[in-house]
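Per chain, numbering begins at 1; letters A, B, ... match sequence-line order.
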Protein chains: 2
Amino acid sequence: MLSQSEENYLKAIYSLSELQGEAISTNLLSEKMSTKPSSVTDMVKKLSDKKLISYKKYQGCELTIVGKKMALQIIRKHRLWEVFLVKKLNFGWDEVHEIAEQLEHIQSTKLTDHLEEYLGFPRFDPHGDPIPDKNGVFEKINKSKVLSDVIINGKGSVVGVEDGSSGFFQFLNRYEIGLGTEIQVIEKFDFDLSILVLINGKEISFSSVVANKIFIQLL
Amino acid sequence: MLSQSEENYLKAIYSLSELQGEAISTNLLSEKMSTKPSSVTDMVKKLSDKKLISYKKYQGCELTIVGKKMALQIIRKHRLWEVFLVKKLNFGWDEVHEIAEQLEHIQSTKLTDHLEEYLGFPRFDPHGDPIPDKNGVFEKINKSKVLSDVIINGKGSVVGVEDGSSGFFQFLNRYEIGLGTEIQVIEKFDFDLSILVLINGKEISFSSVVANKIFIQLL
DNA sequence: AAATATTTTTAGACAAGTCTAAATAAATTA
DNA sequence: TAATTTATTTAGACTTGTCTAAAAATATTT
Ligand SMILES: [Mn+2]
Ligand SMILES: [Mn+2]
Ligand SMILES: [Mn+2]
Ligand SMILES: [Mn+2]
C-alpha cells in the first residue's frame with residue numbers, strides 16, 4: 001500500500017507527463033510538488049524501487065505501466081468525489097478540489113465502485129475532466145482548443161477549464177461561466193492579446209490569461 | 001491541525017473515559033491503540049502540551065474540555081460517514097467501520113455539515129450509536145441493559161451493539177439480527193451463562209460473549 | 001515495612017518524508 | 001574546448017510516530 005505522499009507524487013508525474021511527454025525532470029517535479037529537488041530525488045528512488053517509475057540518475061523519471069495504472073486510480077477517485085460534492089452535497093465547482101485532494105487517498109475499491117454507481121457512472125468531473133473507469137480507461141476530451149484560439153465570430157461552448165486556483169474559479173462564477181456555457185468571440189486585440197466575447201447576451205472582455213484557461217468545443 | 005494519529009488517540013481516550021470514568025492509564029491506552037506503553041507516554045506528552053488532555057506523570061490522562069470537543073467532532077464524522085455508506089451506498093452495517101476510520105480524518109467542517117444535512121440529520125449511526133451535532137451535543141441512549149441482563153420471558157428490541165469485530169457483525173447478519181430486532185428471553189443457563197432466545201419465531205442459543213454485546217431496550 | 005511485582009517513564013534507535021549545504025554531473029556560453 | 005552556469009545528487013540533520021531495553025516509580029504481597 002502506498003502512502004499519501006507516494007500517491008501524490010505519482011499523480012504529479014502523471015499530469016506532467018500528459019503535458020511534457022518525455023521523462024520528467026527532478027526540478028520540474030519539485031516545483032509541481034512544492035518540495036526541494038533533494039526531496040524529489042529521495043522519493044523518486046523509492047518509487048523506482050517499487051517499480052512504479054523508471055528512473056536513471058540525472059535522466060528524470062517516467063511512470064511504468066503499473067505506476068500509470070495507480071495514478072489513474074487516484075485520479076478516478078479524485079474526480080468521482082468532486083462529482084459527489086457538487087451533485088449531491090451542493091458544493092460549488094470552485095470549492096471541491098481541496099477536499100477531493102484528501103478524499104482521493106481513501107483506500108477501498110468497493111467504496112470507489114459503489115460511489116461511481118451511486119453517481120450514475122459520470123464520465124466527467126465538474127471541471128470537464130474525464131473520469132477513468134475501474135480499468136483506467138477514459139475518454140480523451142478535446143482540451144486542445146482554448147478560447148484564445150477561436151476565430152472572430154466563432155462560437156463554442158465551454159468543455160473544461162484549466163484545473164486552477166480558487167481565484168480563477170471565483171472569476172468564472174462572477175461571470176456565470178460553467179461547463180456548457182456558450183461563448184461567441186466578437187473581437188480580438190493583438191496589442192495585449194485580450195479578447196471581447198458575448199456570453200448570455202452580455203459583452204465581456206477577457207485577458208489572455210483567462211482566454212488560455214478556458215477550453216472550447218466549437219458549435 | 002491534528003495528525004491522524006493524534007486524532008485517533010483522542011478518540012481512544014474518549015471512549016475509554018466513557019467506560020472507565022477516571023483518568024486513563026498508559027497501559028490501558030496502549031492496549032486500545034495497539035501500541036507500546038512507551039509510545040503512549042510520548043503521545044500523551046504531546047497532547048498535553050497542546051492542552052487537549054491533562055496529564056501528570058504516572059497518573060494517567062484525561063481529556064480537557066477542548067480535547068473532548070475535538071474527540072466528539074471526530075466521532076461525529078465517523079458516524080455520519082457510516083450512515084452515508086449504509087444508507088446511500090448500500091454497504092452492510094458490518095462493512096463500514098474500517099472505511100469510516102479513514103473518512104473520519106477528512107478536514108472540512110463544511111463537508112461534515114453538508115453531509116449531515118444530505119443524510120437528513122440522522123441521530124444514530126448504523127450500530128445504534130448516537131451522532132453528536134456540530135456543537136458536540138448528542139442523545140445518550142440506553143446502552144446500559146445488555147441481552148444478558150434481560151430476565152426470563154423478558155422481551156426487548158435491539159438498540160445497539162458493541163462496536164466490534166467484523167466476525168461479530170457476520171454473526172449478527174447470519175441470525176438476521178439488526179437494530180430494532182425483537183428478542184425474547186426463553187431460558188438462561190447458569191453453568192456457562194449461555195442464553196436461549198426467541199427471534200423471528202426461531203429459538204436460538206447465544207454464548208455469554210454474544211449476549212453481553214447486544215444492547216436491549218425493554219418493550 | 002521489606003520484598004516483589006507491575007506500571008510507567010526514559011534513553012536510544014529506526015523509517016518516512018522533509019530540509020540545508022555541499023559535491024558532482026550536465027548543459028550552456030564564451 | 002574551457003569556463004561558467006544550472007540541474008541533480010549526496011550527506012547530514014530534523015520531526016513524527018513508533019519500537020526495544022533499561023531505569024524508576026508505584027502497587028501488591030508477604
Ligand atoms: Mn480537482
Ligand atoms: Mn493528494
Ligand atoms: Mn464505527
Ligand atoms: Mn482513525
Side-chain angles (χ1 to χ4, degrees), chain A residues 1-14 16-17 19-63 67 70-71 74 101-102 104-105 107, chain B residues 1-14 16-17 19-63 67 70-71 74 101-102 104-105 107:
Chain A
M1 228 205 51
L2 300 179
S3 71
Q4 297 207 176
S5 205
E6 289 170 322
E7 291 195 341
N8 286 337
Y9 272 94
L10 286 184
K11 229 180 22 151
I13 296 166
Y14 178 86
L16 291 172
S17 300
L19 305 173
Q20 303 254 353
E22 350 98 46
I24 301 306
S25 76
T26 299
N27 270 8
L28 189 62
L29 189 47
S30 94
E31 199 177 320
K32 178 90 175 177
M33 292 298 299
S34 307
T35 58
K36 299 291 165 180
S38 54
S39 306
V40 169
T41 301
D42 287 346
M43 180 57 87
V44 138
K45 279 178 186 166
K46 188 161 35 144
L47 294 174
S48 179
D49 288 346
K50 294 190 178 185
K51 315 280 190 203
L52 298 172
I53 63 178
S54 59
Y55 163 70
K56 294 253 167 55
K57 266 190 201 178
Y58 298 102
Q59 303 305 126
C61 67
E62 208 166 351
L63 291 174
M70 308 223 69
I74 303 158
E101 281 295 320
Q102 299 179 61
E104 72 189 0
H105 301 293
Q107 305 284 171
Chain B
M1 226 205 51
L2 299 179
S3 70
Q4 298 208 174
S5 205
E6 290 169 322
E7 291 195 341
N8 287 336
Y9 272 93
L10 286 184
K11 228 181 20 150
I13 296 166
Y14 177 85
L16 291 173
S17 299
L19 304 174
Q20 303 256 352
E22 351 96 48
I24 301 306
S25 77
T26 300
N27 270 9
L28 189 63
L29 189 47
S30 94
E31 198 177 320
K32 178 90 176 179
M33 292 299 298
S34 305
T35 57
K36 298 292 165 182
S38 54
S39 306
V40 169
T41 301
D42 287 345
M43 179 57 88
V44 137
K45 278 178 187 166
K46 190 163 30 143
L47 293 174
S48 179
D49 289 346
K50 295 190 178 185
K51 315 280 189 202
L52 299 171
I53 62 178
S54 59
Y55 164 67
K56 293 253 166 59
K57 268 190 199 178
Y58 298 100
Q59 303 304 128
C61 67
E62 208 167 350
L63 292 173
M70 309 221 69
I74 303 157
E101 281 296 319
Q102 299 179 61
E104 71 188 0
H105 301 292
Q107 304 285 169

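Atom CG of A:Leu2 is separated from atom P of C:dA15 by 19 Å (rounded to the nearest Å). Rounding to whole angstrom units, CG of residue B:Asp49 and P of D:dT15 are separated by 14 Å. For B:Glu6 and D:dT15, the CD to P distance is 15 Å, given to the nearest whole Å. Taking atom CD of A:Gln4 as the reference point, atom C1' of C:dT18 lies 16 Å away to the nearest angstrom. We find that CG of B:Leu47 is positioned 12 Å from P of D:dT16, with the value rounded to whole Å. Between the CG atom of A:Leu29 and the C1' atom of D:dA7 there is a distance of 14 Å, given to the nearest Å.
In this structure, B:Ile13 CD1 and B:Leu63 CG are separated by 5.5 Å, a value rounded to the nearest 0.5 Å. Taken to the nearest 0.5 Å, the SG atom of B:Cys61 stands 11.0 Å off from the CG atom of B:Leu52.
The side chain to side chain donor-acceptor pair (under 3.5 Å) pairs that include a residue from residues 19-31 of chain A number zero, where partners must be two or more places apart or lie in different chains. Within the structure, side chain to side chain donor-acceptor pair (under 3.5 Å) contacts touching residues 32-44 of chain B (residues at least two apart or in different chains) are B:Tyr9-B:Thr35, B:Ser15-B:Lys32.
Legend: residues meeting salt bridge (Lys or Arg N to Asp or Glu O under 4.0 Å) with B:Lys50, ordered by chain and number and at least two apart, are B:Glu6. The side-chain contact (heavy atoms from CB on, under 4.5 Å) search around B:Glu7 returns B:Leu2, B:Ile74, B:His105, B:Gln107, not counting sequence neighbours. By the salt bridge (Lys or Arg N to Asp or Glu O under 4.0 Å) test, A:Glu104 pairs with A:Lys11, sequence neighbours left out. Checked against side-chain contact (heavy atoms from CB on, under 4.5 Å), B:Ser54 has the following partners two or more places apart in sequence or in another chain: B:Glu62.
Contact check of residues 21-28 of chain B against DNA chain C (heavy atom, cut-off under 4.0 Å) returns B:Ser25, B:Thr26, B:Asn27.
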Dump the pairs, protein N or O against N or O of nucleotides 18-20 of chain D, anything under 3.5 Å, distances to one decimal.
residue	atom	partner	partner atom	Å
D:dT18	OP1	B:Ser5	OG	3.4
D:dT18	OP2	B:Ser5	OG	3.3
D:dT18	O4	B:Asp42	OD2	3.4
D:dC19	OP2	B:Lys36	N	2.9
D:dC19	OP2	B:Ser39	OG	2.7
D:dT20	O4	B:Ser38	OG	2.9

Give me, pair by pair, the N or O atoms of the protein and of nucleotides 22-28 of chain D that are less than 3.5 Å apart, along with how far apart they are.
residue	atom	partner	partner atom	Å
D:dA25	O4'	B:Tyr58	OH	3.3

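Between A:Gln59 and A:Ala23, the shortest heavy-atom distance links the atoms O-CB, 3.5 Å. Of all heavy-atom pairs spanning A:Gly60 and A:Tyr55, the tightest one is O-CD1, 3.5 Å. Taking each heavy atom of B:Val44 and B:Ile53 in turn, the nearest pair found is O-CD1, 3.5 Å.
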